[in-house]
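Notes to accompany the following structure.
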Amino acid sequence: MKPSSSPSPSTPSSPPGAALHAARARSFDGAAAQYAANRPSYPPALFDAVEDLAGRSLRGAGAADVGAGTGISTGLLHDRGADVLAVEPGPGMAAEFRRVHPRIPIVRGSGDALPLATASMDFITYAQSWHWTEPRRSVPEAVRVLRPGGALALWWNTEALDVPWIEAAARRAGRFLGLDEKDLKADRSSCSAHSAHSLAADPSGTLAFEHRRVRWSRRVPVDTRLANIGSHSQFLVLGEEATAAFFAEERNHLLQAFPEGFVEEAYVVELLVAIRP
């Protein structure tokens with residue numbers, strides 16, 4: 001997952017877990033190349049759904065992709081014809097973005113304080129990043145920056161846990177991370193909870209979201225699968241030494257199930273779109 005805001009350092013008055021949340025948000029900067037090379041992309045059907053729910057085409061539209069990370073979603077928005085600007089807080093992620101997408105503009109900034117002019121965008125998108133913001137700040141900022149009738153689109157790639165091998169892999173990862181069954185269920189559903197329920201994405205109820213799911217898959221080598229999982233913040237904060245044994249064992253599990261060395265990763269993209277009045 002890529003951050004769209006720079007969390008403040010933990011203080012004595014910070015809620016429990018704030019320091020870990022901040023560390024997880026910062027962890028991507030040291031793994032930007034790994035993130036860019038191994039994270040899943042998004043299917044064309046997702047952008048069809050965004051346009052359908054927004055009631056307008058991305059082609060020729062002004063768009064800000066917030067928490068852009070290494071530019072996986074930004075590049076796809078550009079390919080759809082959007083006049084897209086990336087917003088990213090992390091220096092490492094921003095440097096990788098510039099390497100991969102040298103012709104797409106990027107600014108350093110936070111979803112909680114967008115460095116964009118009022119009423120300047122037709123779309124604001126958050127791919128895998130809204131949960132790094134504070135909605136009481138990021139919702140008003142989105143409303144401020146969007147033109148009337150503009151669309152805020154949030155989406156997350158979530159693993160299709162109805163696929164048995166993916167469910168089994170998720171359980172192994174959860175056990176390694178020390179999650180009990182209750183915590184494991186919460187961790188698995190955290191992104192989809194934000195996307196599937198409007199009040200999770202916007203507790204104020206300011207925006208009226210419409211929800212849609214898009215299922216897709218990709219076939220990748222086992223090592224790409226492992227590098228993808230390793231680019232998630234829960235593993236990044238632990239470091240390579242602490243996770244090496246887990247990934248070696250996981251590689252053996254996957255090769256036993258897929259001796260040809262390739263896996264079919266199945267995803268469900270959870271999409272929320274709201275129109276600015």
I would like to know whether H211 and L271 meet side chain to side chain contact (heavy atoms under 4.5 Å, CB included); could you show each step before the answer? CA-CA 6 Å; H211 176 226; L271 169 66; 5.6 Å; no
Kindly list each side-chain donor-acceptor pair under 3.5 angstrom involving residues 241-249, sequence neighbours excluded, with atom names and distances?
unit_1	atom_1	unit_2	atom_2	d
T243	OG1	G239	O	3.0
T243	OG1	E240	O	3.4

Side-chain ion pair, [X] and [Y], N-O less than 4.0 Å:
X    : Y    : value
R171 : E167 : yes
E51  : R56  : no
E134 : R137 : no

Quick one: is the NZ or CZ of R80 closer than 6.0 Å to the six-membered ring centre of F47, and within 45° of its axis? no
For Y42, the option from L76, V50, L77 that meets side-chain contact (heavy atoms from CB on, under 4.5 Å): L76
Would you say the side-chain atoms of R276 pair up with the backbone N or O of G149, donor to acceptor, closer than 3.5 Å? no
Could you tell me whether the side chain of D202 and the main chain of L207 form a donor-acceptor pair under 3.5 Å? yes
Taking atom NE2 of H78 as the centre, does the number of heavy atoms from other residues, nucleotides or ligands within less than 6.0 Å exceed 12? no
Examine F258 together with W165 and report whether their ring centres are nearer than 6.0 Å. yes
Parallel, tilted or perpendicular: which describes the rings of F235 and F176, with under 30° parallel and over 60° perpendicular? parallel
Relative to each other, are the rings of Y126 and W130 parallel, tilted or perpendicular (30° and 60° limits)? perpendicular
Go through it in stages, so that I can follow the logic: the residues are E270 and R213, the test is salt bridge (charged side-chain N to carboxylate O under 4.0 Å, His left out), and I'd like the CA-CA distance, side-chain angles, deciding distance and then a yes or no. CA-CA 5 Å; E270 300 279 0; R213 290 187 173 100; 2.8 Å; yes
